[in-house]
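The chain is numbered in sequence order, starting from 1.
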Amino acid sequence: MGIGEILSQVGSIMASVMFLYGMFDKFFPPHLRGYFRKYTNKLTSLMYPYIQITFHELSGDQLKRSETYTIIQTYLSVNSSQRAKRLKAEVIKDSQNPLVLSMDDNQEITDEFNGIKVWWSANHTTRKTQSFSFHPTSDEKRFLTLTFHRRNLDVITTSYIQHVLEEGKAITTNNRQLKLYTNNPSKDWMRYMSTKWSHTTFEHPASFETLAMEPEKKEEIINDLLKFKEGKEYYTKVGKAWKRGYLLFGPPGTGKSTMISAIANFMNYDVYDLELTIVKDNNELKRLLIETSSKSIIVIEDIDCSLDLTGQRKMKKEIDDDENDEKKKLMSKAKGEEKNESKLTLSGLLNFIDGIWSACGRERIIIFTTNFVDKLDPALIRRGRMDKHIEMSYCSYEAFKLHSHNMTSLCAYPSFLS
């Protein structure tokens with residue numbers, strides 16, 4: 001039998017099937033068609049042992065892009081460029097790798113998890129009917145389909161999907177462009193398109209490799225950061241918020257700000273530079289905390305100069321008027337203000353660091369810097385709030401050698417110094 005005859009027979013069979021389906025759909029009552037489809041689906045499920053889960057690109061009443069869809073697409077993009085035959089490119093803002101490749105529509109790739117093979121496919125449908133809506137919608141609706149054998153249902157729904165989401169978030173975090181935030185005055189929060197935090201790109205080149213510090217001390221800090229970053233299970237087990245406090249203290253010019261930049265680059269965390277002098281009260285401080293992201297560093301520099309929150313807690317009547325006036329003058333000179341109207345209290349700051357509100361985010365580092373650690377209230381810097389105290393002193397011999405090496409490397413490029 002030739003190929004032409006085979007195709008002719010296949011065409012005849014398909015035409016017959018379509019004719020019978022048309023007769024069935026036209027002459028059989030709807031309730032009979034419903035029963036037929038019901039038992040046909042049961043029969044098909046017995047013969048087809050695979051299950052499909054669909055993740056739509058748009059969700060909600062306003063059809064916003066689904067965060068889950070984006071995370072899964074990011075996870076799949078790692079394998080798409082190697083396994084899919086057709087790819088599509090998408091430009092992602094605030095990313096170190098702005099061009100992301102993913103599988104095109106009607107493409108399929110395989111993935112494996114604990115010896116279980118699954119299939120991911122990219123699909124789309126075209127809207128056929130027009131409907132009135134206050135929120136414009138696209139003619140095409142895209143979705144990702146996960147197909148797997150029914151015997152692996154428990155593993156897929158309890159472990160694999162969670163694995164995909166965690167890996168996708170990790171890829172997004174590693175590829176993102178770090179940002180440096182500063183808080184805006186509350187009087188500007190209600191303006192159009194305003195936010196509580198303003199940001200710019202964080203591009204400080206500091207790293208632990210170039211940081212002039214004793215090798216043993218540097219290694220101790222790195223190990224502490226790594227232990228914190230990998231401590232999710234530990235913090236969950238002991239029932240503590242996943243956060244850690246660092247106190248950097250020492251004379252001016254000893255590299256406290258550089259240390260913060262090195263930590264941010266090492267951990268790949270955004271930096272929130274919190275200016276307490278423009279925070280009106282404790283409630284504003286909580287609202288600022290809510291707007292910070294996980295995997296971030298909250299910095300309060302020169303905390304000994306930030307408002308009247310430092311020193312031993314005493315009743316105002318017990319403070320000598322002359323000392324009080326001198327402190328106000330020093331604060332005014334440091335901050336360029338003649339009058340401080342903030343109602344922020346030490347209690348509010350303590351709750352911000354270690355209270356109930358401190359658990360509203362995960363994997364967060366809080367850093368204080370000061371030139372005069374003796375001026376700080378013991379409750380503010382105790383272990384548990386400021387878990388690690390790091391003294392930033394002047395260069396030792398080993399640190400000076402590294403600093404000299406860095407300066408020698410810089411002098412090799414005289415164009416930088418012009």
Side-chain angles (χ1 to χ4, degrees), residues 173-174 176-183 197-215 217-229 242-279 285 288-289 291-306 309-310 334-335 349 352-354 358 361-373 375-376 380-381 385-395 399 402-403 406:
T173 301
N174 292 332
R176 68 188 175 128
Q177 179 67 57
L178 297 186
K179 296 179 181 178
L180 174 62
Y181 293 84
T182 184
N183 52 307
W197 296 90
S198 299
H199 71 269
T200 186
T201 301
F202 181 79
E203 296 179 326
H204 199 290
S207 66
F208 280 106
E209 288 76 11
T210 60
L211 193 64
M213 178 179 285
E214 296 84 349
K217 190 173 183 179
K218 189 186 302 185
E219 184 178 359
E220 178 186 348
I221 297 171
I222 292 175
N223 291 336
D224 188 80
L225 291 170
L226 289 174
K227 185 177 180 180
F228 168 75
K229 194 170 188 177
W242 192 5
K243 64 177 183 61
R244 191 157 180 81
Y246 285 80
L247 174 66
L248 307 183
F249 65 95
T254 51
K256 293 184 285 293
S257 298
T258 304
M259 169 65 77
I260 294 172
S261 299
I263 293 175
N265 288 324
F266 180 77
M267 300 291 283
N268 199 34
Y269 285 1
D270 291 330
V271 179
Y272 289 83
D273 184 15
L274 178 59
E275 179 55 66
L276 289 180
T277 58
I278 61 175
V279 179
L285 188 61
L288 287 168
L289 178 63
E291 294 294 325
T292 61
S293 62
S294 299
K295 295 181 180 292
S296 62
I297 300 174
I298 300 176
V299 179
I300 303 178
E301 294 197 270
D302 297 324
I303 191 170
D304 53 298
C305 300
S306 298
L309 300 174
T310 58
K335 298 298 179 182
L349 184 59
F352 170 85
I353 302 167
D354 199 32
S358 67
R362 300 189 309 169
E363 202 171 344
R364 185 181 282 141
I365 295 175
I366 300 174
I367 298 180
F368 291 166
T369 71
T370 180
N371 296 334
F372 307 100
V373 68
K375 291 185 178 181
L376 301 181
L380 190 64
I381 60 175
R385 287 197 174 101
M386 293 294 105
D387 304 280
K388 191 170 184 61
H389 296 190
I390 302 174
E391 182 177 5
M392 305 294 294
S393 58
Y394 294 113
C395 283
L402 177 58
H403 179 69
N406 293 338

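The heavy-atom pair separating Phe228 from Met267 by the smallest distance is CD2-CE, 4.0 Å. Between Thr369 and Asp302, the closest heavy-atom pair is OG1-N, 2.8 Å. Of all non-hydrogen atoms in Val271 and Ala264, the two that sit nearest each other are CG2-CB, 3.5 Å. The minimum heavy-atom distance linking Met392 with Lys217 is given by the pair N-NZ, 4.4 Å. In terms of heavy atoms, His389 sits closest to Ile381 at NE2-O, 2.9 Å. When all heavy atoms are compared, the tightest approach of Asn371 to Pro252 is ND2-CG, 3.7 Å.
Here NZ of Lys229 is found 9.5 Å from CH2 of Trp242. Values are rounded to the nearest 0.5 Å. The CG atom of Asp354 sits 8.0 Å away from the CD1 atom of Ile366 when rounded to the nearest 0.5 Å. With rounding to the nearest 0.5 Å, the separation of CZ in Arg244 from NZ in Lys227 is 7.5 Å. Separating the CZ atom in Phe266 from the OG atom in Ser261 is a distance of 15.0 Å, to the nearest 0.5 Å. Between the CZ atom of Arg176 and the CG atom of Leu178 there is a distance of 6.0 Å, given to the nearest 0.5 Å. Between Ser207 atom OG and Ile263 atom CD1 the span is 12.5 Å, to the nearest 0.5 Å.
Ionic pairing of Asp387 and Lys243 is not present here: no N-O contact between side-chain nitrogen and carboxylate oxygen is shorter than 4.0 angstrom. The residues Glu220 and Lys388 are annotated as salt-bridged, a charged nitrogen and a carboxylate oxygen being separated by less than 4.0 angstrom.
Within the 4.5 Å cutoff, side-chain heavy atoms of Ile300 are placed close to those of Leu349. Under the 4.5 Å side-chain criterion, counting only non-hydrogen atoms from C-beta, Leu180 is not in contact with Thr201. For the pair Met259/Ile221, a side-chain contact is recorded, criterion being any heavy-atom separation below 4.5 Å from C-beta on. Contact annotation: the side chain of Met213 never approaches that of Phe208 to less than 4.5 Å [non-hydrogen atoms, C-beta and beyond]. At least one side-chain heavy atom of Ile353 sits less than 4.5 Å from a side-chain heavy atom of Met386. Residues Lys256 and Glu301 fail the side-chain proximity criterion, which asks for heavy atoms closer than 4.5 Å. Taking the side chain as every heavy atom from C-beta outward, Asp270 and Lys295 never approach each other to under 4.5 Å.
There is no side-chain donor-acceptor pair under 3.5 Å between Ser294 and Arg364. There is a side-chain donor-acceptor pair under 3.5 Å between Thr277 and Glu275. When only modelled atom types and interatomic distance are considered, Glu391 and Ser393 share no side-chain donor-acceptor pair under 3.5 Å.
For the side-chain contact (heavy atoms from CB on, under 4.5 Å) with Ile390, the qualifying choice from Asp224, Leu248, Leu247 is Leu248, the only one to do so.
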Pair Asn183, Val279 - check side-chain contact (heavy atoms from CB on, under 4.5 Å), show working.
CA-CA 9 Å; Asn183 52 307; Val279 179; 3.8 Å; yes
side-chain contact (heavy atoms from CB on, under 4.5 Å) evaluation trace for Trp197 with Thr292:
CA-CA 9 Å; Trp197 296 90; Thr292 61; 3.7 Å; yes
Chi angles and distances behind the side chain to side chain donor-acceptor pair (under 3.5 Å) call for Thr370, Asp304
CA-CA 6 Å; Thr370 180; Asp304 53 298; 2.8 Å; yes
Please determine whether side-chain contact (heavy atoms from CB on, under 4.5 Å) holds for the pair Phe368 and Ile298, giving the CA-CA distance in whole Å, both sets of side-chain angles, and the decisive distance to 0.1 Å.
CA-CA 9 Å; Phe368 291 166; Ile298 300 176; over 6 Å; no
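Under the side chain to side chain contact (heavy atoms under 4.5 Å, CB included) criterion, Ser198 pairs with Thr182, Asn184, not counting sequence neighbours. Listed by chain and number, the residues in a salt bridge (charged side-chain N to carboxylate O under 4.0 Å, His left out) with Arg385 amount to none (sequence neighbours excluded).
The aromatic rings of Tyr181 and Tyr272 lie parallel to each other, their planes meeting at an angle below 30°, with 60° marking the opposite boundary.
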